[in-house]
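Contents: one structure, followed by commentary.
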Amino acid sequence: MKRNNLSLVNKIVWSSPAVKQPKVGFFSSLNHTHMHTVLLDWGSLPHYVVLRIFQYLPLIDRARASSVCKKWNEVFHIPDLWRKFEFELNQSATSYFKSTHPDLIQQIIKKHATHLQYVSFKVDSSTESAEAACDILSQLVNCSIQTLGLISTAKPSFMNVSKSHFVSALTVVFVNSKSLSSIKIEGTPVDDPSLKILVANNSDTLRLLKMSSCPHVSSDGILCVADLCQGLRELALNYYILSDELLLALSSETHVNLEHLRIDVVSENPGQIEFHSIKKQSWDALIKHSPGVNVVMYFFLYEEEFEAFFKEETPVTHLYFGRSVSKAILGRIGLNCPRLIELVVCANGLQTLDTELICIAEHCKNLIALGLSECEVSCSAFIEFVRLCGKRLTQLSVMEDVLIPDDEYSLDKVHTEVSKHLGRMWFPDVLPVW
């Protein structure tokens, strides 16, 4: 692309048959300034415009564009362009995603590492990709990274990396950044000693920590983070490291208000039945200190594993059941989860959930979203549930095969009645038939 070429806009204006051609005398009224504006070339675009365009380009296209002209090359090296970057690391034999070229990675580390602030690594399911990410992490010694994310697009491949290799690479960033505010390291072999290093160097700046499915972290390790990182606002973890002590630490007078607490409830061992309980007083302390906190719980349990949950009032706001959940547990939720905002049930037995849904509608006055799949509700009970919730129910996603026709309502009448109570058109979801 040559700099003296007419701009694309100029070509379109004069070549399009839809544009009326000006009279010859019209040219005499244009001065040279106006003509020069029309004939601007791409190389004269302001730096901030080119910078914005470059930010949307994949790295390889960005590198190619930098060779168009001197000004574009200058933009390619502007620090702002390198503050946010995602390394994509995939094995061509096992992934369809494009991978960041090794030569470009080395160029980034050599020339732009000091500019990196918002960094993420997206790896496929291969151990080789996760190890490559660790190798890059270990070279980021001159960075002031503020956000760090480690993302496995398939299974948690970081768990296949040597624990010592991963921890060594991660602590390089923890030690050298000293301004980390957001860390997403879910499904990794991070451990308690590395969390202590994180806290020792970033306690004043850490605001978000997501570390679900990190089996080498104990309740003591996460308690250390809560005790010393007083500015922590968002936390994601597994239920097995949730404790009364942790909730009380997050509720201390010196700690900022917690905004988001996500808890993944997964069996540590196949067939595990017993789970520890959290005292109501601990939950109450958290809500008193942070009344607006969203408490999100994802359950991946079987019916017989729920015994310890929802026996007392629980301040959960968002509930997701990825496996079958019993009628008894849904009944407890209606009675003991007054802060519930969203409920998603992905599976249930063959018994209808009529009584349980109506109980939830009557007692959970903040409920605005419901999702139902692979369970059964009579049409009459479902319409009564919607009537009780009314227009506050802003999200309603229910598979058609969940609704069971009865003597009062058929499937054809359900959408009419539900639409009337919601004040908007509504239809049940249908699986496409391919």
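Start at 1 with the first residue, then count along the sequence. We use all heavy atoms of the structure for the numbers below, so side chains are in, but hydrogens, waters and symmetry mates are not.
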Is the side chain of Arg233 donor-acceptor paired with the backbone N or O of Glu259 at a distance under 3.5 Å, no angle test? no
Return the minimal non-hydrogen interatomic distance between [X] and [Y], and the atom names on each side.
X	Y	result
Leu340	His318	CD1-N, 4.3 Å
Ile341	Asn294	CD1-OD1, 4.3 Å
Val402	Leu372	CG2-O, 3.8 Å
Cys224	Lys196	SG-CG, 4.2 Å
Asn202	Phe174	ND2-O, 3.0 Å

Nearest 0.5 angstrom please: Leu335 CG to His363 NE2, how far? 5.5 Å
Between [Y] and [X], is there a side-chain donor-acceptor contact under 3.5 Å, judged purely by atom types and distance?
X	Y	result
Gln146	Ser181	no
Ser157	Asn160	no
Asp135	His165	yes
Thr254	Gln230	yes
Ser126	Asp124	yes

Does the ring of Tyr302 carry Arg323 above it, NZ/CZ under 6.0 angstrom from centre and within 45° of its axis? yes
Only one of Val217, Leu261, Leu209, Asp264 passes side-chain contact (heavy atoms from CB on, under 4.5 Å) with Leu237, and that residue is Leu261
Can you confirm if the aromatic rings of Phe121 and Phe158 lie within a centre distance of less than 6.0 Å? no
Classify the angle between the aromatic ring planes of Tyr298 and Phe300 as parallel (below 30°), tilted (30 to 60°) or perpendicular (above 60°). parallel
Less than 4.0 Å between a side-chain N and a carboxylate O, is that true for Glu307 and Arg332? yes
